[in-house]
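Worksheet: the structure to be examined is printed underneath.
Whatever order the structure lists them in is the order used to number ligands and atoms, beginning at 1. Source: prediction; values computed, not measured.
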Amino acid sequence: DSKTIKKPDDGYLKTISAKIDELVMELSPTENEIQEKEDLFKKLEKICHELFPGSTLYKFGSMSNGFSLKNADMDLCLVMDDASVLTAVQIVETLGEKLRMENDFKDILMLPRARIPIVKLKSARSNISCDIGYNNVLAVHNTLMLRAYSDIDERLKKVAFLIKYWAKRRKINEPYFGSLSRKVPILPVLQRLPHDFNGENNVQGYNAYFFKDISKLKSVWKGVGRNKQSTGELLFEIFHYFAYDFPVKEGVVSIREGSVLSKEDKNWTVTNNTKTDKYWFCVEDPFEITHNLGRLVDRDTLYDIRGEFMRACKLMNQNASLEDICKEYME
Ligand code: CTP
Ligand code: MG
């Protein structure tokens, strides 16, 4: 029960914070991996330009947002210029077939009719996995926004990194970036900060505006530098929040608002109380606000996920090591 959980003492939190720094160093991609990814990107970019003159290949996902662990996949987005008359299916199939004729790539898989049409491949040399999505423009924007957040305060990068690692190790894979808003906030809500134009950035029908010029953040947000919590303390608070405080039955995590919205207001209620309901755990996509990022979490997995947050919280309460908190889960 949450009342028996106390905040761990400062000495312990300091140790954990130092350990987080170590783990981030240890688990970040090596120079060599970064170079291999850059080389792979260059090769793919050349092929895309040859096949589709006027197209652009963008990087997004963890390789660009600052939260990459070692051996993460590479996420790319192919966008055609306005003159293109090709359909998504044609583009994905043309690209996939071309890649199959080259020796540099293996395990090529085409999913031309998926929500985001995609070509999957691996580098034959380095074994790096890569997804090339077609027209996944909103994902490029949410990557830029995460990058901007991580440029504001490096504690976000460290804590997000640790949560990602922990979630992978504990096998509750969906990463959580949300809800670092608190009494003394560590981050502003970039989608709500003032703008010098009308604040719209229409991308595929959604407003993808966020405040981008972090070097000017001080002039629009008074919170810069005010929060002094250690990463260990922030980690504990996140575990505690999702274990005991987040109103999972009624609430929706909203990155856009930096707060919790109501399921009812969004018409995102669990109706049948069945495993297949889409709204057991709700996280609003920051731009595509009709999209629930938590849709794949069902009643049973939600129970497991909250159990993991409680376990982490209790272990920190017993001054457990980061190794034990992130100890690999075995059936
Ligand atoms: N993305 C999204 N909506 C989702 C899933 C993914 O917008 N429901 C976008 C995000 O920009 C995300 C990117 O697609 O960063 C790549 O997804 P994924 O590879 O799953 O996550 P990464 O952030 O790259 O993390 P990892 O290091 O685990 O690959
Ligand atoms: Mg990725």
If you count the atoms of ligand 1 from 1 in the order shown, which ones are under 4.0 Å from a heavy atom of [X]?
X      : value
Thr143 : 11 (O)
Lys168 : 28 (O)
Ala72  : 27 (O)
Asn65  : 15 (O), 23 (O)
Asn142 : 2 (C), 7 (O), 10 (C), 11 (O)

Applying the side-chain hydrogen bond (donor to acceptor under 3.5 Å, both in side chains) criterion to Asp39, which one of Gln35, Lys37, Lys42 satisfies it?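 In the set Gln35, Lys37, Lys42, the residue that makes a side-chain hydrogen bond (donor to acceptor under 3.5 Å, both in side chains) with Asp39 is Gln35.
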Decide whether the shortest distance between a heavy atom of Leu69 and an atom of ligand 1 is less than 4.0 Å.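 Checking ligand 1 against Leu69, which is what was asked, there is no heavy-atom contact under 4.0 Å.
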In this structure, does ligand 1 have an atom that sits under 4.0 Å from one of the heavy atoms of Lys164?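 Lys164 counts as a contact of ligand 1 under the 4.0 Å cut-off.
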Under 3.5 Å between any N/O of Arg295 and any N/O of ligand 1: does that happen in this structure? no
Can you find an N or O of Asp75 that's nearer than 3.5 Å to an N or O of ligand 1?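 Indeed, backbone or side chain, Asp75 has an N or O that close.
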Checking side-chain polar atoms at under 3.5 Å, does Asp298 have a donor or acceptor matched by the opposite partner on Thr301? yes
Run the salt-bridge test on Lys59 and Glu45 with the 4.0 Å N-O cut-off and return the result as yes or no. no
Step by step, would you call Leu187 with Asn227 a side-chain contact (heavy atoms from CB on, under 4.5 Å)? CA-CA 9 Å; Leu187 299 170; Asn227 180 301; over 6 Å; no
Report the relative orientation of the aromatic rings in Phe246 and Tyr241; use parallel for angles under 30°, tilted for 30 to 60°, perpendicular for over 60°.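 Aromatic pair Phe246/Tyr241 classed tilted.
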Using the rule side-chain contact (heavy atoms from CB on, under 4.5 Å), only one of Leu234, Val159, Thr231 pairs with Ser17; which is it?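 By the side-chain contact (heavy atoms from CB on, under 4.5 Å) criterion, Ser17 pairs with just one of Leu234, Val159, Thr231: Thr231.
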For ligand 1, note which part of Asn136 has a heavy atom under 4.0 Å away: side chain, backbone, both or neither.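 For Asn136, no heavy atom sits under 4.0 Å from ligand 1.
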Angle at the Mg ion (ligand 2): provide the value between OD1 of Asp73 and OD2 of Asp75, rounding to 10 degrees.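 About 100° at the Mg ion (ligand 2).
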Test Glu308 against every option in Lys168, Lys327, Arg169, Arg170 by the salt bridge (charged side-chain N to carboxylate O under 4.0 Å, His left out) rule and name the one that passes. Arg170
Check against side-chain contact (heavy atoms from CB on, under 4.5 Å), Leu78 and Val119: CA-CA 10 Å; Leu78 180 63; Val119 181; over 6 Å; no
